[in-house]
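Presented below is the structure to which this report refers.
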Amino acid sequence: MFEWMSPFAFLQTVVRVMIVWSAFYTVGYFLWNPLRVNHFLPLLPRELLGVFALSCLAVILSIFGVMTRGVLGVIVMVLAIPGFFLVFHRFLELARSWERSLFGAFFLLFFIFIVSLNVFYASLPNLQFDDPLITYAVQPDRWLNAGRIFWLHETAFSGFPLTYEIAALWPASLSTDRVDQISVLQVFQMSILILALFRTMQLIRAKRELRIPVATIVMMCTMLLYWCSLAKNDTLAVLFCSLSLAAAIRELEEHGTKPWTSWFLMGAALGTKQTAILVLIPFIILTWKRFFTGSVSSKLISLIAIAIIPGVFAIRTASVTGSPVYPYKSLDILVHDEWRRLPLPQEIVELNDRASAVYESSEYGLLKHVGIFLTSMEGIFLLLLAGISYSLIHKNRDVWMVLPLLLYFIVAFILFWPPWWGAKYSILIYPFTGILGAKLLCGTKQSSKWTLALVAMISFIIPGFVIGSSMVLPFKYRS
């Protein structure tokens, strides 16, 4: 009954997730040149090309009714074999180029410790949170059982968007039962967060010796731990949002780079989670210069790139319900009669209104709400604060890049009120926020290291063992 809690079962779960990423990388590696990806999307990571390619393959297999666990499982296992050799070779190159120092060794061990805690926590199936048990983990399971992708009429969440659910078919195909599938998908989410951190730092060209310390600090954020360890679409949206903003900055700095990768990744984010629409605020600010100074054809390609993924799901959803973005912000005039939502009872309306008198937070003052919103970021906020402070003191012109993020947080603070509940919708740019803060720490190597060491210590001790804004003693909670 409790076999999934054994160390061997945990190891099996981690290995299966590694197999899936190895398959993704294999496909991306071998398709990169034939598809001329470097010409159109030069900043797209190869493993993400693999994610999109295998998602398309899953749709094709679904059309023929053979999208079963056995078929997908065999495909992913076969594709993973060359990927292991490719990834192992890449890790050897990174190990040879790694600067050996006491600082680096300490943070490497610290990073392994934090990642181990997070992955252990993610491997325990969360059977209390409703969303994965209603739709996000249910749809891949039902689709694999039927051998095809179909509309689940018993849930409103079977429509736009579905990027995560389709990508999740591949790790889900390696699971043995429903509880095991929850565990595999949760560890898969945590692996996506790790990928988001290092790929974003690579795109934004953060100093190599600071990447592991920054990743450690971000991984310690309790809000990210909780929401990125659930079998739902948040973490994939975090990945796409982080990479799209990082690619936008890279494209702004390198005028010779084609400016379409950021638009495509932003479209992928919108096709994964609808609340990613708020990330358009910093995204548009970062991309407007390249967009408006580009040619007509470049503008057209950018718009196609951002629209292609959400557009496919919007058309599918509209064909069934009448509204392309059902069930959120749907125009009643478009929704078909059978999909119109009935009025909720008053008790449920009050319960859903997190600002109502039902909740204790309705009596909080504005400063306390602001404090909750900012401290939910934990070490990420400290990284941003350190980066801003250093840039202002040393008159670093790149400090303007913080302004789009501040505008995003202000809008998110207002829209997702109250902050104790709405802060979770801001996590889409948490990793990017911390990484941008580290990028602005562009002083001497020694000063940057001391700053990161101090931030790491504060982030570990205070929210870990003294007080936490979103969860009491989160490190005790993780264990």
Side-chain angles (χ1 to χ4, degrees), residues 3-4 8-31 46-84 87 119 122-127 131-152 157-158 161-192 195 229-233 235-236 239 271-272:
E3 287 182 357
W4 51 267
F8 182 66
F10 167 75
L11 183 61
Q12 280 185 317
T13 300
V14 173
V15 169
R16 281 178 288 177
V17 171
M18 292 173 62
I19 288 172
V20 171
W21 280 114
S22 180
F24 286 154
Y25 189 81
T26 298
V27 175
Y29 182 87
F30 287 108
L31 288 181
R46 281 172 169 77
E47 60 274 12
L48 285 192
L49 175 60
V51 171
F52 294 124
L54 286 182
S55 295
C56 292
L57 176 61
V59 173
I60 295 171
L61 294 175
S62 171
I63 294 173
F64 292 99
V66 292
M67 194 195 69
T68 62
R69 295 180 190 276
V71 173
L72 266 62
V74 170
I75 292 174
V76 79
M77 292 287 286
V78 172
L79 290 175
I81 296 173
F84 274 122
V87 174
V119 175
S123 69
L124 300 176
N126 189 330
L127 303 180
D131 289 3
L133 306 180
I134 294 174
T135 177
Y136 297 113
V138 171
Q139 291 193 100
D141 180 67
R142 296 273 297 275
W143 292 345
L144 289 170
N145 290 341
R148 62 184 180 87
I149 297 172
F150 62 94
W151 189 285
L152 274 66
F157 294 97
S158 194
L162 289 175
T163 304
Y164 162 74
E165 288 85 341
I166 296 176
L169 287 166
W170 296 96
S173 69
L174 299 180
S175 61
T176 56
D177 55 48
R178 290 179 179 178
V179 175
D180 180 57
Q181 178 176 295
I182 294 289
S183 179
V184 171
L185 291 179
Q186 289 179 175
V187 174
F188 181 62
Q189 302 313 301
M190 193 56 64
S191 69
I192 293 176
L195 176 70
S229 63
L230 295 171
K232 59 195 302 282
N233 58 357
T235 321
L236 193 60
L239 171 65
T272 303

Can you tell me if [X] uses its side chain to pair, donor with acceptor, with the backbone of [Y] under 3.5 Å?
X	Y	answer
T235	I192	no
R142	V138	no
W170	L72	no
Q139	L152	no
S183	V179	no

List the atom of [X], the atom of [Y], and the distance in Å for their closest heavy-atom pair.
X	Y	answer
A167	V51	CB-CG1, 4.1 Å
T26	L79	OG1-O, 2.8 Å
L236	Q189	N-OE1, 4.3 Å
S22	A80	OG-O, 2.7 Å
V27	A53	CG1-CB, 3.6 Å
I182	A137	CD1-CB, 3.6 Å

Could you give the distance from [atom1] ([X]) to [atom2] ([Y]), rounded to the nearest 0.5 Å?
X	Y	atom1	atom2	value
I19	I81	CD1	CD1	9.5 Å
K232	Q186	NZ	CD	12.0 Å
T272	I166	OG1	CD1	10.0 Å
S173	M77	OG	CE	10.0 Å
L239	Y164	CG	OH	13.0 Å
I149	E165	CD1	CD	10.0 Å

Under 6.0 Å between the ring centres of F188 and W21?
yes
Is any side-chain heavy atom of [X] closer than 4.5 Å to a side-chain heavy atom of [Y]?
X	Y	result
R148	V66	no
F10	V119	yes
R178	D141	yes
S123	M190	no
R16	V20	no

Can you run down the side chain to side chain donor-acceptor pair (under 3.5 Å) pairs that involve residues 46-65, sequence neighbours left out, and say none if there aren't any?
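Only E47-R199 qualify under side chain to side chain donor-acceptor pair (under 3.5 Å).
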So, applying side chain to side chain contact (heavy atoms under 4.5 Å, CB included) with L174, which one of V15, V76, D180 is it?
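Single side chain to side chain contact (heavy atoms under 4.5 Å, CB included) partner of L174 among V15, V76, D180: V76.
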Mark yes when over 12 heavy atoms from residues, nucleotides or ligands other than F84 sit less than 6.0 Å from its CZ; otherwise mark no.
yes
